2 protein chains.
Amino acid sequence: MTIKALNDVEIPQVCRSCSARHDGMCASLTPAELGVLATHTRHTHHRPGEALAIESDEITSYANVTDGVVKLSRVLRDGRQQLVGLQFAPDLMGRLFGTESPITAEAASEVDLCRVPKLVLETLVAGSNELKRRLLDQSLQELDEAREWMVTLGRKTAAERVASLLLLVASRTAGGSEASPVSFELPLGRGDMADFLGLTIETVSRQISKLRNEGLVTIENHRHVTVPDLAALRRRAG
Amino acid sequence: MTIKALNDVEIPQVCRSCSARHDGMCASLTPAELGVLATHTRHTHHRPGEALAIESDEITSYANVTDGVVKLSRVLRDGRQQLVGLQFAPDLMGRLFGTESPITAEAASEVDLCRVPKLVLETLVAGSNELKRRLLDQSLQELDEAREWMVTLGRKTAAERVASLLLLVASRTAGGSEASPVSFELPLGRGDMADFLGLTIETVSRQISKLRNEGLVTIENHRHVTVPDLAALRRRAG
DNA sequence: TTCCCGATTTGATCCGGATCAAGGAGTTAA
DNA sequence: TTAACTCCTTGATCCGGATCAAATCGGGAA
């Protein structure tokens, strides 16, 4: 038996190649805790556009995003919609200790979730200082990102907003690497981009064309983006 | 010795009438913990406009807002500014466990703070489950508010934004009461309102005049606001 | 392959809020 | 008292992004 095998001996099979296990919430758990957790989880797959949680619905479970991208949104009574965040693997979805979801969550791409019943996770959180600390860190991180985005929505021009979104997706999907060129797949269509940026579809499309003409990005099939110079795009993002 | 005296026997004098003690962070502490904390705190007063923390400065302490209102903001390189939040008593200011402040904090009104050295609070947090839980709750609350405001910035008209801000201030300063009429003092001038709403001073001023003409609010001395019908204002806020 | 249909791009025009400009109204200092 | 200042309001004009309206692209089904 190798040392690796010894270390892994109690790690549940389904967790071994999971991103949450390595970089997410589950990295804060002992093998024993992970074993308990794994007996309660349920893995689900979702198609783009599928609703995962509806605003003001009762919360009955949390879920780790193990693959794909989830859109978080709110709508006004008359239908105007605003995306308020994106969640990538291995983020934890769900308002901790909340009783009803303050927002709607929807699959942006093909999404895999690892769902945990509400009470199971809350019990685990109560018993683990390290987990509590990690979840506090994640929520503070999300708060920083939300405030950053408030600047984008309140004070940036249309072109700067689009550039900001491309940078956001690049940083979350093209592995934190800062080296140019990067290339990645957009998880959002033009309509969702517009709803995230507080713009219309037409304006998003025009500004993407403009960034393309300025040589800041190359785009194939509307979704595949290449950024030759990240620093230049960052300057363009305000 | 009365029962009240018995209960209060270990409560530090300065904490007895403090809002943080009753509704804020300190309500989660035992008298003993509070006693330790109080030996490390320093009370400071600040004039409107005074900087309390600067973006990317090192964090050396946290502070409970014990009176007044604090503006949180970010600025772009070219000077465009966006307020990203307001803190009222008894909120705790400061990015927990962060090493540098992600935002700038500035006194909006006359402000009283109760400052705690970074390490003292972090030690206390590490040792208190209840405190950790309360701070997690506060940060989740702030996250919800930030996302709510993203909707305001991304999708509402100028008049709706102004109405939203009046409602926000009303709910935080006129004591959670839902009964109309309410009346309160605006802690922000027109310029700060504009920076919070992603508008210009002139537009804020015009929209306030419009709301006044519609009979939704009455305003004296530019700062003192009376809302005869909260529900009507809420409808106007989108 | 061809047809179909939703997504995207592009063009023309419109309008809400920005910008530029002027005029109160309250406050502090001399 | 006036002068100088800051803050707010109101008016006139401009412009960035919304809206309305066609093309055009791309992917899936037969």
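Note that the coordinates shown come from a computational prediction; the quantities given were computed from them, not determined experimentally. Computation of the quantities below employed the complete heavy-atom set of this structure, encompassing side-chain atoms and omitting hydrogens, waters and symmetry-equivalent molecules. Throughout, protein chains are lettered first and strands after them, A, B, ... in sequence-line order, and every chain is numbered starting at 1.
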### Task
Check if the side chain of B:E202 and the base of D:dC8 share a donor-acceptor pair of N or O atoms closer than 3.5 Å.
no

### Task
Nearest whole angstrom, please: distance from the C1' of D:dT6 to the CG of B:D192.
14 Å

#### Entry: 5' priority, DNA chain C, between A:R155 and A:R212 [closest heavy atom]
A:R212

### Task
Send over the distance from B:L153 CG to C:dG16 P, rounded to a whole Å.
20 Å

### Of the listed nucleotides C:dT9, D:dC8, C:dC20, the one nearest the side chain of A:H222
C:dT9

### Within-4.5 Å side-chain heavy-atom neighbours: A:Q141 and A:D137
no

### Task
Please tell me if the side chains of B:Y62 and B:K118 come closer than 4.5 Å, counting only heavy atoms from C-beta onward.
yes

## Note on the structure
From CD1 of A:I219 across to P of D:dG26 the rounded distance in Å is 13 Å

## Note on the structure
Between A:S171 and A:L168 the two heavy atoms that sit nearest each other are OG-O, 2.9 Å

### Summary
Rounded to whole Å, the CG-C1' distance (B:L186 to D:dC8) equals 13 Å

### Query
Looking across every strand, which nucleic acid part, if any, lies under 4.0 Å from B:I208 by heavy atom: base, sugar-phosphate, or nothing?
nothing

### Message
C:dT10, OP1 or OP2 - any side-chain N/O from A:S209 closer than 4.0 Å?
### Response
yes

### Message
I'd like to know if B:E110 and B:R47 make a salt bridge, using a cut-off of under 4.0 Å between side-chain N and carboxylate O.
### Response
yes

### Message
Would the base of C:dG16 count as contacting B:R206 through its side chain, where contact means a donor and an acceptor less than 3.5 Å apart?
### Response
no

### Query
Given that B:R223 and A:Q207 both sit by DNA chain D, which one's nearest nucleotide is further toward the 5' end?
B:R223

### Task
Report yes if a side-chain nitrogen or oxygen of B:T203 is closer than 4.0 Å to either non-bridging phosphate oxygen (OP1 or OP2) of C:dA18; otherwise report no.
yes

### Query
Nearest-Å distance, CE (B:M193) to P (D:dC7)?
15 Å

## Note on the structure
B:H224 atom NE2 is separated from C:dG26 atom C1', nearest whole Å, by 18 Å

#### Entry: Euclidean distance, atom CD1 of residue B:I201 to atom P of C:dA18 [Å, nearest integer]
11 Å

### Summary
B:L188 atom CG is separated from D:dC7 atom P, nearest whole Å, by 13 Å

### Query
Does the pair A:I208 and A:M193 meet the rule for a side chain to side chain contact (heavy atoms under 4.5 Å, CB included), with working shown?
CA-CA 11 Å; A:I208 287 180; A:M193 293 177 68; 3.8 Å; yes

### Query
When you measure from the side chain of B:S205, which nucleotide among D:dC8, D:dT19, C:dA18 comes out closest?
D:dC8

#### Entry: Options D:dG27, C:dC20, D:dT19, nucleotide nearest the side-chain atoms of A:N221
D:dG27

